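Just so you know, these numbers come straight off a predicted model, no measurement behind them. Positions are given from 1 along the sequence. The analysis underlying the following values was restricted to heavy atoms, covering all of them including side chains, and did not include hydrogens, waters or symmetry mates.
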Amino acid sequence: MATVLDPAGAPAADERRPASRTKSTTPGGRRRHVPPLLAISPFYVLFAVFGAFPIVFSVYLSFQDWDGIGDMRFVGFKQYGWLLQDSVFWHSVRNTFEIWFLSTVPMLFLALVLAFLLHSQVRFTGVYRVAYFIPNVTSMVAMTVVFGSVFAQAGLANAVLRAIGVDGIGWLSSEWGIKSSVSLMIIWRWVGYNALIFLAGLQAIPTEHFEAARVDGANSRQTLFRVVLPQLRPVVLFAAVTSTINGLQIFTESQVLFQSTDVGTTGGPGQEGMTIVLYLWQKAFKEHQFGYGAAMGWVLFAIIAIFTVINWRLVAGSDDDHRSGIAGLLRRKGARHGR
């Protein structure tokens with residue numbers, strides 16, 4: 001058969017096509033992706049068994065009445081209806097939000113102050129960073145036992161108060177004493193972690209922005225609120241969201257701090273330390289009402305999701321506003337230098 005030539009004498013386009021497909025397009029060529037997929041498959045297997053399955057099963061379990069051993073009995077949305085009428089649950093919700101507010105707001109403020117101190121030219125900055133991060137990796141159970149001794153009626157906290165002429169406080173027996181004790185433990189644990197997060201954000205701000213603020217005559221307060229905080233907005237948002245998620249899941253502090261009262265299931269005198277997760281643990285693992293505990297867990301998930309959205313809306317704001325403000329500072333700095 002004659003070869004068809006184009007006007008230039010070269011073989012036609014149809015004749016120049018390769019006779020066989022490349023290796024990557026052949027069915028056998030896909031086998032080269034198998035070893036990498038097998039290498040990462042253990043993660044997906046473990047996630048499916050210990051992550052995805054418990055989540056899906058908890059949704060199913062929230063519609064069942066089950067004690068963990070016997071047969072399940074479908075009850076539909078009755079678990080959620082009982083939850084809405086449970087006065088102890090709503091008491092735990094109030095306690096959780098009060099402790100969250102007492103701990104999160106001061107913690108973020110102190111973390112920002114520590115970040116500014118570390119960002120300044122001080123010696124041994126690396127030592128301070130390690131020291132601030134140590135509480136976050138320390139066993140909370142062990143530290144709660146230590147704090148329990150500090151806040152005891154004859155503990156170190158009251159000894160310091162008496163030394164300055166103030167009567168001792170019932171840290172572990174009064175309503176606000178209990179909430180303050182738990183809040184102080186949360187602040188101690190997370191303030192250093194958030195300080196390092198803020199420090200990373202501060203170090204990412206270009207130095208010319210600070211120079212422009214100084215040229216424009218801004219003082220320290222104006223520099224903080226007009227230059228630094230607007231550019232730290234994504235970092236503040238991250239810290240606020242993670243602090244909200246962690247703060248609404250308080251468990252270890254209340255459970256271990258009041259472990260002498262019915263093995264830590266009551267949250268202390270008057271149940272003032274009873275949090276949502278502690279009440280969930282009490283119902284599911286102490287009273288074996290696993291369906292009720294699962295329903296409580298999904299209500300907690302909804303609460304956390306709502307407050308995460310609220311934090312996002314409050315902190316995120318509009319990026320165009322603070323970007324235009326920074327641009328104005330830089331323009332004024334360039335004008336003063338004759339550029």
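Looking only at side-chain heavy atoms (C-beta outward), Tyr132 and Tyr193 stay at 4.5 Å or farther from each other. Residues Met140 and Glu253 are in side-chain contact: their nearest non-hydrogen atoms beyond the backbone lie under 4.5 Å apart.
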Asn136 vs Trp190, test: side chain to side chain donor-acceptor pair (under 3.5 Å). Steps then yes/no.
CA-CA 6 Å; Asn136 188 253; Trp190 291 103; over 6 Å; no
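Heavy atoms only, all atoms of each residue included: Ile186 and Met107 are closest at O-SD, 4.3 Å. For Asn194 against Ala111, the heavy-atom pair with the smallest separation is CB-CB, 3.7 Å.
We find the CD1-CZ distance between Ile55 and Phe50 to be 13.5 Å, quoted to the nearest 0.5 Å. Of the inter-residue distances, the one linking Thr96 atom OG1 with Ile276 atom CD1 reads 4.0 Å to the nearest 0.5 angstrom. Atom CZ of residue Arg162 and atom CD1 of residue Ile169 lie 10.0 Å apart, to the nearest 0.5 angstrom.
Ionic pairing of Glu175 and Arg94 is present here: one or more N-O contacts between side-chain nitrogen and carboxylate oxygen are shorter than 4.0 angstrom.
Donor-acceptor pairing under 3.5 Å is lacking for the side chains of Ser180 and Trp176. Judged purely by distance below 3.5 Å, without hydrogens or angles, the side chains of Asp86 and Tyr292 pair a donor atom with an acceptor atom. Residues Thr275 and Asn95 bring no donor and acceptor atom of their side chains to less than 3.5 Å of each other.
Proximity of a side-chain donor or acceptor of Gln231 to a complementary backbone N or O of Val227 within less than 3.5 Å is detected.
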